[in-house]
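Note sheet for the following structure.
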Amino acid sequence: MGVPDADKPTLLVIDGHSLAFRAFYALPVDSFSTRDGQHTNAIHGFLSMLLLLLQNEKPTHLAVAFDISRQSFRTREYAEYKGNRGETPPEFRGQVPLLQDALKAMGVRTLEKEDFEADDILATLATRGAAEGYRVLLVSGDRDTIQLVGDDVTLLYPNTQGVSQLKRYDTDAVVERYGIRPEQYPDVAALVGETSDNLPGIPKVGEKTAVKWLGLYGDLDGILAHADEIKGVVGQNLRDGRENAVRNRKLNQLVRDVELDVELDELVAQPIDLESVRPIFERLEFRTLMERVTKLVTGEANGNGGAAPVPVPAAEAAVAEAPPAPTSRILLDEELATWLQRATAAEPAGLGLSLDVVDGRVIGAGIASSDESLRLPWQPDRAEYAPFEAWLASDAPKIMTDAKGQLKALSRSGLAFDGLVLDTLVAGWMVRPILQEKSLADLVAFYLGETVPQSDPALLVPEEGMDAGAPEYAWYTLRLAPVVLRSLSESSRRLLAEVEMPLVPVLAAMELRGVTVDHAELAELSSDLGERAAALAQSAFAEIGREVNLGSPKQLQEVLFDQLGMPKTRATKTGYTTDASALADLQDSNPHPFLGYLLEHRDATKLRQIVESLDKAIAGDGRIHTTYGQIGAATGRMSSNDPNLQNIPIRTAEGRRIREAFRHGPEYAELLTADYSQIEMRIMAHLSGDPGLIEAFNAGEDLHRFVGARVFSVDPVDVTPLMRTKVKAMSYGLAYGLSAFGLSKQLRIDRAEATQLMKEYFERFGAVRDYLRGVVEQAKIDGYTETIFGRRRPFPDLASPNRVLRENAERAALNSPIQGSAADIIKIAMSRVEADIAARGLGSRMLMQVHDELVFEVAPGESDVLEAVVREGMANAADLQVPLDVQIGRGANWDDAAH
DNA sequence: CGCTTAACGTA
DNA sequence: CGTACGTTAAGCGC
């Protein structure tokens with residue numbers, strides 16, 4: 001099994017709709033679409049699977065069966081058949097004709113038959129094929145096809161993950177999985193029912209019961225004949241529902257003799273003509289798939305350098321088996337030194353590297369060149385590994401996947417490191433910043449169309465330091481590099497090399513450093529907040545005469561709308577919102593003390609929750625070590641988690657007490673914070689070239705006062721605080737695609753005033769309006785937006801016929817170049833400042849990044865020099881039409897250091 | 001137990 | 001009917 005029977009031709013028949021539909025749900029629709037907005041995820045998934053099948057199964061004969069419509073003889077017999085299926089998603093429907101075009105271009109025969117379903121065609125071809133001496137492979141996501149499995153007929157069934165992994169069902173596998181023979185399957189299905197086909201079965205009868213009954217009475221007829229003997233509720237259910245079972249059985253029987261105007265030998269697999277495939281693949285923007293087809297045709301399917309294939313257990317093997325990596329060797333001492341030297345010279349782009357990490361420490365490594373790989377155990381202070389250590393520390397180019405964690409392990413293990421030229425995970429994110437590929441295995445699946453063999457973690461023996469995975473990981477990483485790089489624009493490649501790659505070791509260092517947080521301070525704060533919350537809860541309960549869970553929106557809705565009879569708020573999926581702004585509105589219209597207590601209680605519990613989670617995150621060294629997500633946000637921003645240090649409260653006095661708990665370490669003198677002031681507005685000024693805005697920044701005057709003076713036609717000194725507030729909200733809202741409605745809501749002014757405010761604003765700053773309009777227009781043409789530095793973000797939904805989706809995409813597109821450029825700038829600044837600190841031999845260190853702010857720990861006596869270094873690095877990170885203003889503050893804690 | 005939702009903290 | 005994130009508790013379904 002699993003090995004082609006050399007004597008027999010192989011007939012491969014695929015249920016087209018079923019597999020395309022599986023692919024549609026397995027692959028994110030957002031990530032697969034062409035510039036003009038055509039969704040392609042189902043096509044991509046289907047073709048990817050087909051190529052794997054062609055490569056691995058080498059069928060001699062081949063066909064794909066489609067349903068013509070939802071109508072068939074089954075729906076005529078039972079109108080409700082499949083009647084519960086909702087509308088086919090429109091994003092899917094359009095893909096089927098394109099898939100059929102692509103198959104045609106590949107020379108693959110498609111079959112349809114009026115009044116029958118694709119599965120009936122599979123049944124017919126399987127029956128004929130087995131009779132005519134073929135080995136038949138069926139691919140379907142419909143379980144009814146299990147009945148077709150036999151000596152010469154194998155079913156390949158997609159698992160829940162998607163369509164690239166197919167489970168192989170021959171008779172033995174069916175028996176093992178279901179405990180019955182394939183031909184008994186329809187009887188089981190008839191009893192159990194099939195929700196997806198709208199065929200109710202016998203209530204309370206599942207697979208287990210059905211199989212048990214089959215064992216006792218042979219088949220469905222036997223079971224029904226003995227229905228009176230079956231005791232209990234299920235017995236009664238069976239007697240009540242026997243008609244359902246009989247009907248199900250009739251409908252799930254596949255037709256094995258559909259009249260098809262095709263003979264099996266007409267289905268012989270055609271050689272693929274690349275020139276006819278190319279146009280349609282180009283239309284669909286399938287670059288990597290085109291490469292895979294090309295490789296398949298030109299016979300370079302494996303690319304394993306002729307190394308000995310690694311045998312795989314055939315019984316459980318997925319169809320999508322990756323070509324094997326070269327067998328790895330272990331080299332030490334002189335041999336290792338020689339190999340590294342030679343391989344480095346032979347691979348100017350770099351060697352693949354993957355480190356084995358256990359408990360945060362290095363225990364081994366895999367290194368790959370394009371045709372060889374090394375497996376290295378490693379322990380500290382052993383001379384035989386010296387060449388490896390020297391290579392790691394040298395600037396010899398290295399390519400890794402998800403390097404940051406591995407760099408941290410190197411550092412913990414006392415190993416110096418340099419020469420990271422490419423992290424394929426970061427590169428993959430730059431290609432598709434709405435990241436689907438979160439691991440090496442994902443990247444390999446997407447870019448190489450292969451499956452990384454799963455090593456069993458239970459089999460690893462860490463003490464030996466010989467994780468079998470590392471050499472293969474290194475080898476996959478090396479192979480990924482050119483494929484991923486080819487998918488990047490030139491400016492993105494430059495951004496990757498000059499901004500993202502230098503940042504990787506910087507972030508690793510920041511995470512290792514962590515930041516000191518005072519436990520006692522947090523504990524006191526937590527208990528203060530806890531007491532306050534409890535008191536507020538009691539006051540709230542007293543108002544309504546009962547105790548409810550104030551944290552439960554559901555219970556709050558009962559109190560507010562049923563008990564207190566307040567007017568309904570904005571609808572949510574599950575009822576009516578009880579969020580803070582809605583409660584504030586209610587307080588205006590229907591004042592009630594309960595509302596006030598509830599809001600204050602929310603505040604207190606939210607803060608306490610943050611305090612608690614921070615406290616729990618303090619490590620043994622008294623410091624919190626967050627993890628930065630370099631590939632966290634689609635705009636280019638970073639994220640922070642475990643814990644998130646980028647959302648520490650600041651707006652309220654209580655919140656700032658949390659910041660007071662962030663301290664400098666004992667060896668340091670103080671904390672220093674540096675932030676860009678109004679960086680997004682400055683970027684807007686730069687990108688729009690608006691003379692008024694540019695003047696505002698160059699004048700060095702308070703921005704909002706300056707803008708307010710223009711908008712309200714008064715002198716800057718006469719801008720009132722209220723005017724300033726309005727203009728400030730307006731300015732910031734612009735970069736987010738704020739509407740007049742949104743502005744009126746936020747400022748609690750009426751629509752007309754908000755509209756008037758926007759009108760005045762745009763009359764004075766017309767270039768801003770033109771720019772914002774232009775961004776969206778250009779994005780609709782290109783399908784993506786770009787930052788100042790050329791970072792791209794695709795926006796497939798800009799072409800969506802769905803208004804909500806499209807308008808959401810428009811606002812995101814509006815914002816992306818602004819937020820993304822700011823992210824680029826601070827990333828550049830971080831690398832520069834880190835390098836400058838090292839070059840000057842300073843003891844101060846960068847600890848945190850909060851989007852437009854950096855926090856440093858200042859070594860004694862370095863305050864002034866550090867301030868100069870930071871100011872210089874940040875202010876000169878980009879050369880814009882307006883200056884970058886950097887505000888710096890210093891203090892004993894994070895709050896004091898804010899200015 | 002795992003998943004989704006509402007709510008809310010930051011820039 | 002304002003972008004980008006991460007975290008939490010509640011509630012639901014298995």
Side-chain angles (χ1 to χ4, degrees), chain A residues 206 433-435 548-557 569-583 598-599 601-614 616-617 626-629 631-652 654-656 658-659 675-681 684 729-747 751 754 758 772 775 785 793 795 803-804 807-820 822-823 826 848-854 894:
Chain A
I434 314 278
L435 194 77
V548 295
N549 182 347
L550 296 177
S552 161
K554 198 176 167 218
Q555 296 179 36
L556 286 178
Q557 288 174 49
T569 54
R570 173 171 54 83
T572 66
K573 281 184 188 172
T574 54
Y576 301 94
T577 184
T578 67
D579 70 16
S581 79
L583 294 181
L598 173 57
L599 280 167
H601 178 266
R602 280 251 179 91
D603 251 22
T605 49
K606 175 74 181 177
L607 281 179
R608 193 164 99 102
Q609 170 242 108
I610 292 177
V611 170
E612 286 294 314
S613 72
L614 287 175
K616 272 210 285 277
T626 188
T627 302
Y628 287 106
I631 59 179
T635 52
R637 269 194 182 176
M638 309 197 312
S639 63
S640 158
N641 60 33
D642 282 322
N644 184 355
L645 294 186
Q646 292 178 324
N647 71 341
I648 307 300
I650 191 171
R651 295 184 211 281
T652 63
E654 291 289 353
R656 282 197 297 277
I658 301 179
R659 292 190 173 221
D675 66 56
Y676 284 115
S677 67
Q678 294 139 349
I679 189 166
E680 297 199 346
M681 284 307 291
M684 192 124 90
M730 170 93 219
S731 288
Y732 279 106
L734 279 181
Y736 301 142
L738 187 67
S739 64
F741 176 88
L743 184 65
S744 72
K745 201 144 186 245
Q746 193 196 326
L747 292 175
R751 283 284 287 279
M758 291 186 83
L772 294 172
V775 168
T785 60
R793 174 177 173 189
F795 284 98
R803 204 180 93 182
V804 175
E807 290 181 347
N808 285 343
E810 286 174 1
R811 286 189 298 273
L814 198 75
N815 173 258
S816 234
I818 300 168
Q819 190 183 118
I826 197 163
M848 295 196 280
Q849 190 252 38
V850 191
H851 306 307
D852 66 356
E853 173 185 10
L854 297 175
W894 193 6

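What you are looking at is a predicted structure, and each value in this text was computed from that prediction instead of being measured. Letters A, B, ... mirror the listed sequences (proteins, then strands); counts begin at 1. Basis for what follows: all heavy atoms, side chains included, without hydrogens, waters or symmetry-related copies.
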Does [X] have a side-chain nitrogen or oxygen under 4.0 Å from the phosphate oxygens OP1 or OP2 of [N]?
| X | N | result |
| --- | --- | --- |
| A:R811 | C:dT3 | yes |
| A:R602 | B:dA7 | no |
| A:R793 | C:dA4 | yes |
| A:T577 | B:dA7 | yes |
| A:T578 | B:dA6 | no |
| A:T574 | B:dA6 | yes |

Distance, rounded to the nearest Å, where [X] contributes [atom1] and [N] contributes [atom2]:
| X | N | atom1 | atom2 | result |
| --- | --- | --- | --- | --- |
| A:H851 | B:dG9 | NE2 | P | 15 Å |
| A:L607 | B:dA7 | CG | P | 18 Å |
| A:L599 | B:dG9 | CG | P | 11 Å |
| A:R570 | B:dA6 | CZ | P | 9 Å |

So, the side chain of A:Q557 versus the backbone of A:Y576: is there a donor-acceptor pair under 3.5 Å, distance only?
yes
Without swapping roles, check the side chain of A:T626 against the backbone of A:N641 for a donor-acceptor pair under 3.5 Å.
yes
Protein within reach of the bases, or only the backbone? For nucleotides 6-14 of chain C, mark each nucleotide 5' to 3' as B, S or -, using heavy atoms under 4.0 Å.
SSS-SSS--
Out of B:dC8, C:dT3, B:dA7, which nucleotide sits closest to the side chain of A:N815?
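Per side-chain heavy atoms of A:N815, the pick is C:dT3.
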Among C:dT3, C:dC1, B:dC8, the one nearest A:D579 by side-chain distance:
B:dC8
So do [Y] and [X] actually touch side chain to side chain, heavy atoms under 4.5 Å?
| X | Y | value |
| --- | --- | --- |
| A:M684 | A:L772 | yes |
| A:M730 | A:L743 | yes |
| A:L645 | A:W894 | no |

Checking A:I648 against A:L614 for the side chain to side chain contact (heavy atoms under 4.5 Å, CB included) test, could you report, in this order, the C-alpha distance in whole Å, the side-chain angles of both residues, the deciding distance, and whether it holds?
CA-CA 9 Å; A:I648 307 300; A:L614 287 175; 3.8 Å; yes
Nearest-nucleotide comparison on DNA chain C, the residue closer to the 5′ end among A:A634 and A:A729:
A:A729
Should the side chain of A:R637 and the base of B:dA11 be counted as holding a donor-acceptor pair, with the cut-off at 3.5 Å?
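Such a pair is found, so the answer is yes.
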Around A:Y732, counting heavy atoms of other residues, nucleotides and ligands shown, do more than 12 lie under 6.0 Å from its OH?
yes
